[in-house]
Every structure is written in structure tokens, then in C-alpha cells.
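A short worksheet on the structure shown next.
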Number of protein chains: 2
Amino acid sequence: MNTSHLHRTRCQTCSLSSLCLPLSLSFDDVEQFDTIVRRRSPLTRGETLYMQGEKFENVYAVRSGSLKQTIIEANGEEQITSFYLPGELVGLDSIDSDTHPGFLTALERTTVCEIPFKRLESLSEQLPELRHQLYRCMSREIVDDRRLMRLLSSKTADERLASFFRNLSVRLDRCGHSAVRFRLPMSRSDIGTHLGLAIETISRVLGRFQQQGLLNIQGRQVEILDMVALSERAGIVTPCCGEQKHA
Amino acid sequence: MNTSHLHRTRCQTCSLSSLCLPLSLSFDDVEQFDTIVRRRSPLTRGETLYMQGEKFENVYAVRSGSLKQTIIEANGEEQITSFYLPGELVGLDSIDSDTHPGFLTALERTTVCEIPFKRLESLSEQLPELRHQLYRCMSREIVDDRRLMRLLSSKTADERLASFFRNLSVRLDRCGHSAVRFRLPMSRSDIGTHLGLAIETISRVLGRFQQQGLLNIQGRQVEILDMVALSERAGIVTPCCGEQKHA
DNA sequence: CGCCTAGTTGACGTCTGTCAAGCATCGTGG
DNA sequence: CCACGATGCTTGACAGACGTCAACTAGGCG
């Protein structure tokens, strides 16, 4: 029990380990994995974890709080490609070019675990489960991106926002928060930039949702009142009858 | 030199090997890799390589021709998430759920190399370069998807189409075709479904492009006349001077 | 108390989807 | 070789959704 380091926490005792990379590792393997993980002191709201174009060294697992990834194009346009919540892995999109494709910014007080990718990669040589888990994480990221693409490609503002809130609810639920009552980590403007909608549209649609009793939203405090109706609005037809899903 | 099998081709002699998974492997390693690759007889136009929901067993490398991935949602809406050209790897999005998220359909006569993922995964244990290449491929797919997301999230029909043609040109160039003169493998309707635009819009915008001398398009025969103007139209500003920007 | 940012609400224009009709292109068979 | 239908593509008219501009309100903080 050496707790010499201030931020010393261990994967073995982390409540998020069931969502994180160590997911399917044996006890001994987790211990080995734990040795390459570095805990960083918390980021404050607005602080950046890395900048666009910076050399890629580490991936990060979110422990608490939340972050956004912003890509700024040559012409100055911004796009928020994704938000990251506790238990999610950040930086997998940086492997190919060996640089970070965007800015990673904390939306609130946020703690992350830093995992040197080189060491992760070589550790994955010895631990097939870890390797598979890494492949799965990346594959999931592709699938999630495709889902968002579908959303953006043809859906109305209502569908986009309903889908966004539904997705947020599911992910918050997974990491231990309430699925129906939570505080939005991001601003309306962030949501707009992410979904390709003007901030005014966000405002109007949320107003409409509230009027129709789908949800209650005061500033950033959200309460989902009718998840079924929200899902329908998102274009998801049957929440009940068989959909194939397994790990 | 056993050439018993009809479709026996070898990675060592494949003109696309510099784009494909064996990219950074040594000669011996390529040989080892080659043993797990199965060549399939060509797919004809419209033939499916796999169906949505089917169990995931193999990834595929495109040798010639082209394919599209179509996802059909519960409500019947279709989305073409991506097109695959020679040298590109298909199926990486199936790892997480262990099933194929969509239909993979040949757009023309197409040949692919079948790579059993289980064997690929275990081979990647012994070959760090292969492992890294796999990570890179997946990472690149995420990056490409994000690019498309940005396109879909806020760009006009003109920008989407200009960007689409530019992207196609770059990819065709990479796999040995001409970058300025080629035959579109997909229909207008496919492009529309992919970019989230009505087929009529595609038609109108392409007409405009032609009128403005950006490109020449007769049916599926395309000639790009002014790549610079096309890039500008796609929202890509400076092909030259670099810009530094941060928050 | 007053400024500043975040969010709301309204008026208006435009892009693009929808519907509908017309045209070209291709393969099939007589 | 041409007729013919099927399919894919183009063009036009119109309407609706959403972006833009602008004014206004509500919190948050020195």
C-alpha cells in the first residue's frame, strides 16, 4: 500500500473500471495495466488537455467531469466533433497522423488518467484481452461517429436534439449518474456547434420540447419527463420489441 | 510456389500492398501475413459481401472495384455511411458489436481479399508493425468519419459535393487511377443518400459546377477541370500558407 | 449597481426538400 | 436495326425548415 503520490488511485478500486480499458482483464493483468497509468491533477473549466496539431503521446480515460474536442479548420470554422464523459477514452483519433486532430477542452472540473500510448501498445502485446479491448474501443468510436453522421445527414433539428439528449442520458446512466435528471456540461452554443444547428434553433426546439412535456430544462439543469416520446422524436421507433444487441 | 488455387495472388506482388495492411511489414512478415489472406472470386455489381446484423468474421481489403456500406434503421431509413475503393479496409466497424452494422454491396465488378479477423488479431500479437498498422487504419477511419461529420453538420450542398469529388479524386489518385478523369462508381442517388441531399439537389449543383467550368460530367464520366476552384468551393482555403491557431 | 456573457424570442430570407413532369441512356428482344 | 420499357437523371414550381440579424431578458460577478 504505497500511497506516496498524491493522486495515487488504482484501477483496481476505480468505480469506472468496468467501462474502461481494463474491462476484461484478470486481476493480475489490471495490476500490470495500472502501472503504466498516470493520474493527472484535475483540469479546471476551459483548460485544455492538448492542442490541435500537438504530437500524440498519450490517450486519456475520463475519470470525472467532461471534455469536448474542437477542430478548427484552416478557414476558421469550428466543429465540436465529440463530447467525452467519465469512463470514455480520448485520443484514439490521433494514432494515424501521430498528432492530435483537435483541441481537447474541459467543460468543467475534470480528472483524467493519462496512458502513454507507446507503453499501452507494447503492453497490449502481452495481454490479448487488452488488445481486443482497444480494438473494440476504436470500433465503437467508428460506430458512434456513423450514428452521428446519420443524424447530421438528414435529420431535422428536432430529431437531432432529441437524439442528442437521449444519447447523453444513456451515457450518463452508464457512468452512474441519473438518466433523467442531470446538469448539462456544455453550453447551448457547444450543442449547436456539435449538431450543426444555430444556437437560436437549439433554444426554440428546447422551448418546444418543454412546452410539449418532453423535458424540463432551466439553464443547464435538465429533467427528462418522457423518455419514450423523446426517443420517438429522435426517430427511434420501437424501444420494446427485439433488437439485436450483445457484447 | 504452390499456385493450386485459381485466385491465388500474393500480397508480395500486389500493386496495392503499399496502401494495405502489409504496409510496413518486412518481406518475411508479409509472407506470413499472406498465408491468412483468402482471395474470393469477384463480386458482380449489386452483389452483397455481407448483410446487416450478420456475425462478424472477416475484414476485407478491396483489390479492385468499389463497394458501399448501407445501414438501414428500424424506421426504414437508409444511410450510406461510406464508399470503399481499392486499397481500403472494410469491416473495422464490426469489431465492437461482433456483427456487421450494415450491408456491404459491390458497386461494380469487385474483388476483395478476405482476412479472418481472429487470425489477424493473433498474428498481430507477433507482428508489432501489423498491430500498429491496424490501430492506424482504425484511427484513420475515425478521422475520415469526423471529416464527413463536419461536412454534414453545417455545409451547403455546394460544399458537400465539392468536397466529395475532391475526396474521391484524392483517393482514386492514391490507388493508381487518374485524379482528374474517372468514372463515378456510384449513382447520383447513392451520392445523395451519402451526403444527406436529395437527388434533385445533386443534379442541380453538378449542373452549376459544370456551367462554372469546375468540372465536366456526362452520366458517370467525370473530368475535373479546375481542382483549385473545386477545393475552394469545398471550403478549403489555402493550399499553401500554413496557419497557426489556438484557443 | 452595472457590465458581460448566455440564452430567448421575433421577423425575414434563402437553401434545399418535395412533387411532378420531361428527357436520356441502356439492355432486351423482336 | 429499331422498338420499348425500365431506370437514372434533369428541370421547374412551390413550400417549409432553419440560418441570420436584431432586439431583448436573465444570471453571474466584480
For nucleotides 23-30 of chain D, 5' to 3', base contacts (B), sugar-phosphate-only contacts (S) and non-contacts (-) with protein non-hydrogen atoms under 4.0 Å give --------
Would you please test B:E88 and B:R171 for salt bridge (charged side-chain N to carboxylate O under 4.0 Å, His left out) and show each step?
CA-CA 10 Å; B:E88 299 177 348; B:R171 285 158 68 196; 2.9 Å; yes
Roughly, in whole Å, what's the span from [atom1] in [X] to [atom2] in [N]?
X      : N      : atom1 : atom2 : value
B:L206 : D:dG8  : CG    : P     : 17 Å
A:I191 : D:dC18 : CD1   : P     : 16 Å
A:R220 : C:dT8  : CZ    : P     : 11 Å
A:L195 : D:dG19 : CG    : C1'   : 15 Å
B:I217 : D:dT10 : CD1   : C1'   : 12 Å
B:Q218 : D:dC9  : CD    : P     : 13 Å
B:R188 : C:dA24 : CZ    : C1'   : 12 Å
A:D190 : C:dA6  : CG    : P     : 10 Å

Is any side-chain heavy atom of B:L168 less than 4.5 Å from a side-chain heavy atom of B:M186?
yes
Residue pair B:M227 / B:A179: nearest heavy atoms and the distance that separates them:
CE-O, 4.3 Å
Do we see a donor-acceptor contact under 3.5 Å between the side chains of A:E78 and A:T70?
no
N/O-N/O pairs, protein side and nucleotides 16-18 of chain C side, under 3.5 Å:
| from | atom 1 | to | atom 2 | distance (Å) |
| --- | --- | --- | --- | --- |
| C:dT16 | OP1 | B:A157 | N | 2.7 |
| C:dG17 | OP1 | B:G196 | O | 3.3 |
| C:dG17 | OP2 | B:A198 | N | 2.9 |
| C:dG17 | OP2 | B:T201 | OG1 | 2.5 |
| C:dT18 | O4 | B:R204 | NH2 | 3.1 |

Salt bridge (charged side-chain N to carboxylate O under 4.0 Å, His left out) contacts in which one or both residues fall within residues 55-75 of chain B, not counting sequence neighbours:
A:R150-B:E73, A:K155-B:E73, B:K55-B:D98, B:K68-B:D190
Looking at every strand, decide which applies to B:S203 at a 4.0 Å heavy-atom threshold: base, sugar-phosphate, or nothing.
base
For the side-chain contact (heavy atoms from CB on, under 4.5 Å) test, which of B:L151, B:I202, B:L197, B:I191 pairs with B:F164?
B:I191
Could you tell me whether B:R181 atom CZ has more than 12 heavy atoms of other residues or ligands within 6.0 Å of it?
no
Could you tell me whether A:R220 atom CZ has more than 12 heavy atoms of other residues or ligands within 6.0 Å of it?
yes
Would a distance-only check, ignoring hydrogens and angles, find a side-chain to backbone donor-acceptor pair under 3.5 Å from A:R188 to A:G219?
yes
